[in-house]
2 protein chains.
Amino acid sequence: MESSYERDAKVFKALCDPRRLAILERLRSGEKCVCMLQEDMDIGQSGLSYHMKILCDSGIVESRQEGKWTHYRLSETGRESAVALLRQLTTPDTSPKSGCCG
Amino acid sequence: MESSYERDAKVFKALCDPRRLAILERLRSGEKCVCMLQEDMDIGQSGLSYHMKILCDSGIVESRQEGKWTHYRLSETGRESAVALLRQLTTPDTSPKSGCCG
DNA sequence: AAAACATATCAATAAAATTTGATTTGAGGT
DNA sequence: ACCTCAAATCAAATTTTATTGATATGTTTT
């Protein structure tokens, strides 16, 4: 079974590779197909496909098939849930503090 | 030289390991020293220290020395800048869209 | 139905991150 | 000064991720 920590970590794994951040930057200007992304990126087709899968699995990117092309775009719901998760994980909770080391 | 993608990726690297998320959860209830964190976590002292360094380097966690103890706590500015970065990386920009595949 | 094309998957390798135990550092206490 | 304790660093082994080239899948074109 996958722990909730593992599930949450997956979202951030998508963001922790510089190539994937470069891909996201390209998607900010709108939907792109693999061939378009590959164009200015010095990355092989299979490598790009590998990274796109990780981005899609995280929910941050969505894909759409059109004939033989796959188009990728940023997901608004993916973004919002990632932001919400990040906040949740890093914001102090309200319960009484347990002291430490005396 | 380190690219901006590499610098940004570092923040998310801190968040992409289930053990570090478990550590963050413990810090949500307030500042803790290493000994306290280790208590209920099935992790060795050196391993925990390794993870704490990564969390601190990312800016998400801050540390404070007190005698021979090191206390760790969530950083508010770390959180806010991580959230801002996440939003920036995943929000479409305003410039005109470049078409794709015709 | 064969050829051409876009993309995904696979398998082998290479690189990076994590774990573990041992050692070091640095702060108190005696 | 010496001992003890908390935590950091180091080095080796292991595990996880990423890269690369080859092959498979599915779609359009001829």
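To find a chain, count down the sequence lines: A is the first, B the second, and so on, and within it residues start at 1.
- Comparing A:S46 and A:D17 against DNA chain D, the residue whose closest nucleotide sits nearer the 5' end is A:D17.
- Between A:E25 and A:R20 the shortest side-chain heavy-atom distance does not fall below 4.5 Å.
- Comparing D:dT19, D:dA8, D:dA18 against the side chain of A:H51 picks out D:dT19 as the nearest.
- The base of D:dA6 is not paired with the side chain of B:Q45 by any donor and acceptor separated by under 3.5 Å.
- Using a 4.0 Å heavy-atom cutoff across all strands shown, A:L48 reaches no nucleic acid atom at all.
- Distance from the side chain of B:Y50 is smallest to C:dT18 among C:dA8, C:dT18, D:dA7.
- Looking at B:Q65, its side chain has no donor and acceptor atom pair within 3.5 Å of the base of C:dA27.
- Residue B:Y72 has a polar side-chain atom (N or O) positioned under 4.0 Å from OP1 or OP2 of D:dA8.
- Per the geometry, CE belonging to A:M36 stands 12 Å off P belonging to C:dT7, to the nearest Å.
- The shortest distance between the side-chain N/O atoms of A:R19 and the OP1/OP2 oxygens of D:dT19 is below 4.0 Å.
- Exactly one residue among B:L85, B:L86, B:V11 makes a side chain to side chain contact (heavy atoms under 4.5 Å, CB included) with A:L15. That residue is B:L86.
- In this structure, B:G44 reaches neither bases nor backbone, as no heavy-atom distance under 4.0 Å exists between it and the strands shown.
- A distance-only check finds no donor-acceptor pair linking the side chain of A:R28 to the backbone of A:L24 [under 3.5 Å].
- You'll find the side chain of A:L37 reaches within 4.5 Å of the side chain of A:M52, heavy atoms only.
- Closest to the A:K68 side chain, of the nucleotides C:dT18, C:dA6, C:dA8, is C:dA6.
- Of the candidates C:dA17, C:dT19, D:dA7, C:dA17 carries the atom nearest the B:K13 side chain, counting heavy atoms from C-beta on.
- Note: NZ (B:K53) to C1' (C:dA17) measures 14 Å, nearest angstrom.
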